[in-house]
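Everything on this sheet refers to the single structure shown next.
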Amino acid sequence: MRIISTRQSLNNQYELVIKQTDIISRFIPVMPGQRGLGDKSVIAVLKHNGKVIESSEDEILYQSLNIEWNLKQNEIYYTKLNYFNLLENQEK
């Protein structure tokens, strides 16, 4: 999977990595305006100090990403409805 973007938390302990999942479709010819970056299927991967701690279960469209860090509630929203709990709130 190809990394499209990364976002760092304000406290620099977390990183959200966005990876493209359908790389093969990049080689299929399409009409102009189709299959822009917003149409790509991606997954969200949450890392804590470089170690993967969560990954989205379903693929999402890149254009539907809405990344919002909420360190007070120990959450990061990667779409309006999907979020990961951060480690500070969990006993692992």
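In the hydrophobic clustering of this structure, Leu46 groups with Tyr62; members are Ile, Leu, Val, Met, Phe, Trp, Tyr whose side-chain heavy atoms approach within less than 4.5 Å, directly or through other members. Note on Leu16 and Leu71: same hydrophobic cluster, where clusters join Ile, Leu, Val, Met, Phe, Trp and Tyr whose side-chain heavy atoms are under 4.5 Å apart, directly or indirectly.
Here Ile4 contributes atom CD1 and Ile43 contributes atom CD1; the two are 10.5 Å apart, rounded to the nearest 0.5 Å. Arg7 CZ to Leu65 CG: the interatomic distance, rounded to the nearest 0.5 Å, is 7.5 Å. Rounding to the nearest 0.5 Å gives a distance of 9.0 Å between CD of Glu57 and CG of Asn82. Separating the CG atom in Asn70 from the CG atom in Leu86 is a distance of 8.5 Å, to the nearest 0.5 Å. From Asp58, atom CG reaches atom OG1 of Thr21 across 11.0 Å, with rounding to the nearest 0.5 Å. For the atom pair CG of Asn49 and NZ of Lys51, the computed distance is 10.5 Å after rounding to the nearest 0.5 Å.
In this structure, the ring of Tyr83 has its center no less than 6.0 angstrom from the ring center of Tyr78.
Pairing each heavy atom of Glu15 with each of Trp69, the nearest pair is N-CH2, 4.3 Å. Across Phe84 and Ser56, no two heavy atoms sit closer than the pair CZ-N, 3.6 Å.
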Q: Report the C-alpha distance between Val42 and Lys19 in whole Å, list the side-chain angles of each, state the deciding distance to 0.1 Å, and finish with yes or no for side chain to side chain contact (heavy atoms under 4.5 Å, CB included).
A: CA-CA 5 Å; Val42 297; Lys19 294 183 176 185; over 6 Å; no
Q) For Ile53 and Lys47, what are the C-alpha separation, side-chain angles and deciding distance, and is it a side chain to side chain contact (heavy atoms under 4.5 Å, CB included)? A) CA-CA 6 Å; Ile53 59 171; Lys47 293 183 175 185; over 6 Å; no
Q: Take Tyr14 and Ile76, measure what side chain to side chain contact (heavy atoms under 4.5 Å, CB included) needs, and give me the verdict at the end.
A: CA-CA 10 Å; Tyr14 297 94; Ile76 175 178; over 6 Å; no
(Q) Checking Ile18 against Thr6 for the side chain to side chain contact (heavy atoms under 4.5 Å, CB included) test, could you report, in this order, the C-alpha distance in whole Å, the side-chain angles of both residues, the deciding distance, and whether it holds? (A) CA-CA 6 Å; Ile18 306 302; Thr6 61; over 6 Å; no
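Lys40 is not listed as a side-chain neighbour of Leu61, based on a closest heavy-atom distance of 4.5 Å or more. For the pair Thr79 and Ile67, the minimum side-chain heavy-atom distance is 4.5 Å or more.
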